[in-house]
There are 2 protein chains.
Amino acid sequence: METGRSLVDAVRERCGRCSGRSVSICNVIDDEDLPALVAESSRVTVPAGRCFIREGAPAHDFYVLAGGRAKLFSLMPDGRRQVMGFAELGDFLGLASSDTYAFTAEALGDVTLCRFPHSSIDRLVERFPRLRGRLQQEASSELVKMQARLMLLGRKTARERLASFLVEQASPCRLHGQELRDGHGPLTLPLPMSRTDIADYLGLTIETVSRTFGLFRKEGLITVQGASSVTLLAPGTLSDMANGIRKD
Amino acid sequence: METGRSLVDAVRERCGRCSGRSVSICNVIDDEDLPALVAESSRVTVPAGRCFIREGAPAHDFYVLAGGRAKLFSLMPDGRRQVMGFAELGDFLGLASSDTYAFTAEALGDVTLCRFPHSSIDRLVERFPRLRGRLQQEASSELVKMQARLMLLGRKTARERLASFLVEQASPCRLHGQELRDGHGPLTLPLPMSRTDIADYLGLTIETVSRTFGLFRKEGLITVQGASSVTLLAPGTLSDMANGIRKD
DNA sequence: GCTATATTTTGATTTAGATCAAGAGATTTC
DNA sequence: GAAATCTCTTGATCTAAATCAAAATATAGC
């Protein structure tokens with residue numbers, strides 16, 4: 001938490017150049033109110049591979065992801081892993097918790113976060129009533145995404161799952177909010193997560209993920225640059241496949 | 001929405017004998033404030049089999065389930081179904097929606113609901129600040145449940161899924177909040193949903209569900225009274241199986 | 001740059017659960 | 001209360017994806 005004197009500087013440094021400013025919950029706070037936000041939070045940087053939220057640990061803080069990507073996952077006693085999601089710029093982390101966190105969050109590359117203790121969020125909501133609606137919205141959209149994931153894990157084929165994943169990776173910040181339609185030209189995406197992460201996200205094995213990538217490549221739906229970058233050559237086709245409208 | 005004159009009577013009729021009073025979001029409203037709640041909501045009864053929320057329809061209302069059970073599901077264009085959950089006494093429905101509902105809700109038996117237009121909830125939160133936290137809590141616990149369901153659908157075996165389902169059915173109101181432990185004696189549960197509903201909930205086929213019920217029966221873990229009532233003979237064993245601690 | 005290690009791809013085989021196909025109970029209808 | 005209709009169970013077979021097993025890349029260390 002920053003102290004009074006340098007607050008204005010801190011705001012300029014933190015929020016002024018924060019690329020998450022316009023997509024995170026912070027977008028309901030006016031520029032002139034940013035000092036309150038900065039005063040209630042602290043900036044955290046996490047190196048690649050480090051966990052910054054641990055499943056089962058007491059949940060004291062929320063986080064806004066301000067740079068990099070993270071994977072959120074949960075483990076069974078025997079080591080089976082389910083990746084719950086990949087967090088990206090602006091994502092609000094920590095809603096899925098009661099007294100303790102329901103998932104572990106691990107930085108995929110280097111990650112920048114703003115940490116908000118629960119009590120700070122309470123005070124901020126008190127002071128900025130619009131924040132309340134924004135948080136509800138965040139929870140709602142998270143729940144809607146979760147429902148889509150239940151459909152994916154419960155009812156989709158391996159091809160549909162991978163297509164869904166690729167389309168989802170293409171969506172959010174990268175497309176600036178516009179929908180993915182047939183007209184779209186090639187779209188190149190970074191894949192900062194490993195094949196194992198993708199498999200654990202899609203409820204598949206790494207081999208099935210790799211094979212399905214191979215099929216998509218043969219079918220001219222994608223090209224791959226190394227393991228951590230794909231180009232979607234036919235985003236519309238992939239989108240239809242993801243939704244079970246088209247089989248090939 | 002009730003009009004002034006008979007409000008006190010309406011409160012006595014609606015909330016006075018409502019079994020959801022103590023478990024739903026209403027439990028943060030004091031008795032003397034109930035008239036405001038009643039004034040902002042309307043009581044709805046839905047016959048068995050009727051849908052009262054439709055996937056894709058504009059989301060105007062929240063619902064509190066005040067009696068009966070409902071299934072919440074979503075469909076793919078080709079008819080594949082995923083049951084997102086079974087709602088029961090006190091559940092708050094409609095959080096998983098943006099502009100439109102993300103799921104369809106269908107009454108399993110006859111269902112009683114209190115309908116709260118979004119605008120009413122806004123007014124109530126304004127007037128009863130404690131309600132805000134209660135709603136956040138509702139969203140959080142829903143998200144935690146969802147994560148458990150992702151693990152189930154992504155990583156659990158058919159046996160583990162059915163065990164999870166049975167344990168979950170045993171948990172909430174029926175156990176009055178206490179955890180399921182090895183010491184527990186037999187526990188008889190109603191199963192108001194069909195085998196197809198269970199299958200669509202667990203990401204399995206009806207045949208696999210039926211066969212797995214058969215196995216559990218042979219293994220002395222459960223007995224079945226007709227298709228719509230089970231007795232858990234070994235709740236602790238089932239709980240361990242659900243969590244992947246025990247295979248048989 | 002070369003070796004060592006980890007990750008990813010590809011191939012062969014197995015298997016859990018799906019699909020196909022009857023029966024056996026329930027429940028509803030008249 | 002018998003016929004008709006559903007729902008559920010059980011059995012036989014099939015298959016999508018898992019598992020087992022190398023080979024091929026990629027990455028890191030020295």
Side-chain angles (χ1 to χ4, degrees), chain A residues 47-49 71 76 78-83 108-109 152-165 190-219 222-230 241 244 247-248, chain B residues 47-49 71 76 78-83 108-109 152-165 190-219 222-230 241 244 247-248:
Chain A
K71 64 178 175 196
M76 288 180 67
D78 62 359
R80 277 176 283 177
R81 181 190 313 262
Q82 178 65 44
V83 170
L108 281 170
L152 181 144
L153 292 173
R155 289 301 182 221
K156 289 188 184 177
T157 65
R159 289 172 65 84
E160 290 166 348
R161 292 181 199 204
L162 188 62
S164 301
F165 167 74
L191 294 181
M193 63 294 285
S194 70
R195 292 288 186 268
T196 302
D197 292 337
I198 298 174
D200 287 343
Y201 182 60
L202 299 178
L204 299 171
T205 58
I206 178 176
E207 293 96 329
T208 298
V209 168
S210 185
R211 269 185 256 275
T212 308
F213 264 111
L215 286 174
F216 285 3
R217 212 153 35 76
K218 270 194 205 125
E219 295 167 10
I222 62 172
T223 58
V224 178
Q225 301 84 42
S228 54
S229 169
V230 227
M241 190 190 300
K247 302 268 163 253
D248 57 284
Chain B
K71 64 177 173 197
M76 288 179 68
D78 61 0
R80 276 175 282 177
R81 182 188 313 261
Q82 178 64 45
V83 170
L108 280 170
L152 181 145
L153 292 173
R155 289 299 180 222
K156 289 188 185 178
T157 66
R159 289 171 64 86
E160 290 166 347
R161 293 182 198 203
L162 188 61
S164 301
F165 167 74
L191 295 180
M193 63 295 284
S194 70
R195 292 291 186 266
T196 302
D197 293 336
I198 298 174
D200 288 343
Y201 182 60
L202 299 178
L204 299 171
T205 58
I206 178 176
E207 292 95 330
T208 298
V209 168
S210 185
R211 267 185 258 275
T212 308
F213 264 111
L215 285 175
F216 284 3
R217 210 152 35 77
K218 269 193 205 127
E219 296 167 10
I222 63 170
T223 58
V224 178
Q225 302 83 42
S228 53
S229 169
V230 228
M241 191 188 301
K247 302 266 164 254
D248 55 283

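Only a predicted model underlies this, so the values are computations on that prediction, with no experimental measurement involved. What's counted below: heavy atoms across the whole structure, side chains too, no hydrogens, waters or symmetry copies. Numbers restart at 1 for each chain; the letters A, B, ... are given by sequence-line order, proteins then strands.
Of the two residues contacting DNA chain D, namely R159(A) and A227(A), the nearest-nucleotide position lying further toward the 5' end is that of R159(A).
A 4.0 Å heavy-atom criterion places the boundary nucleotides of DNA chain C facing chain A at dT8(C) to dA12(C), written 5' to 3'. Close approach of DNA chain D to chain A, defined as any atom under 4.0 Å from a non-hydrogen atom of the protein, starts and stops at dA17(D) to dC20(D).
With rounding to the nearest 0.5 angstrom, the OG1 atom of T208(B) is 13.0 Å from the CD1 atom of I198(B). A distance of 7.0 Å separates CG of L204(A) from OG1 of T212(A), quoted to the nearest 0.5 Å. We find the CD-CZ distance between E219(B) and R159(B) to be 4.0 Å, quoted to the nearest 0.5 Å.
Using a cut-off of 4.0 Å between Lys/Arg side-chain N and Asp/Glu carboxylate O, R155(B) and D200(A) are scored as salt-bridged.
Residue R217(B) is in sugar-phosphate contact alone, with no base atom involved, counting any heavy-atom pair closer than 4.0 Å across all strands shown.
The closest side-chain heavy-atom distance from L162(A) to L215(A) is not below 4.5 Å. Looking at heavy atoms from C-beta onward, V209(A) lies out of side-chain contact with F165(A) at the 4.5 angstrom threshold. Within the 4.5 Å cutoff, the side chain of L153(B) has heavy atoms near those of the Q82(B) side chain.
Closest non-hydrogen pair, R161(B) versus K156(B), comes out as NE-O, 2.8 Å.
At a non-hydrogen distance threshold of 4.0 Å, G203(A), L204(A), T205(A), E207(A), T208(A), R211(A) from residues 199-214 of chain A come into contact with DNA chain D.
Annotation: K218(A), atom NZ; neighbour count of heavy atoms from other residues, nucleotides and ligands within 6.0 Å does not exceed 12.
Remark: side-chain polar atoms of R195(B) are not paired, donor with acceptor, to backbone N or O of I206(B) under 3.5 angstrom.
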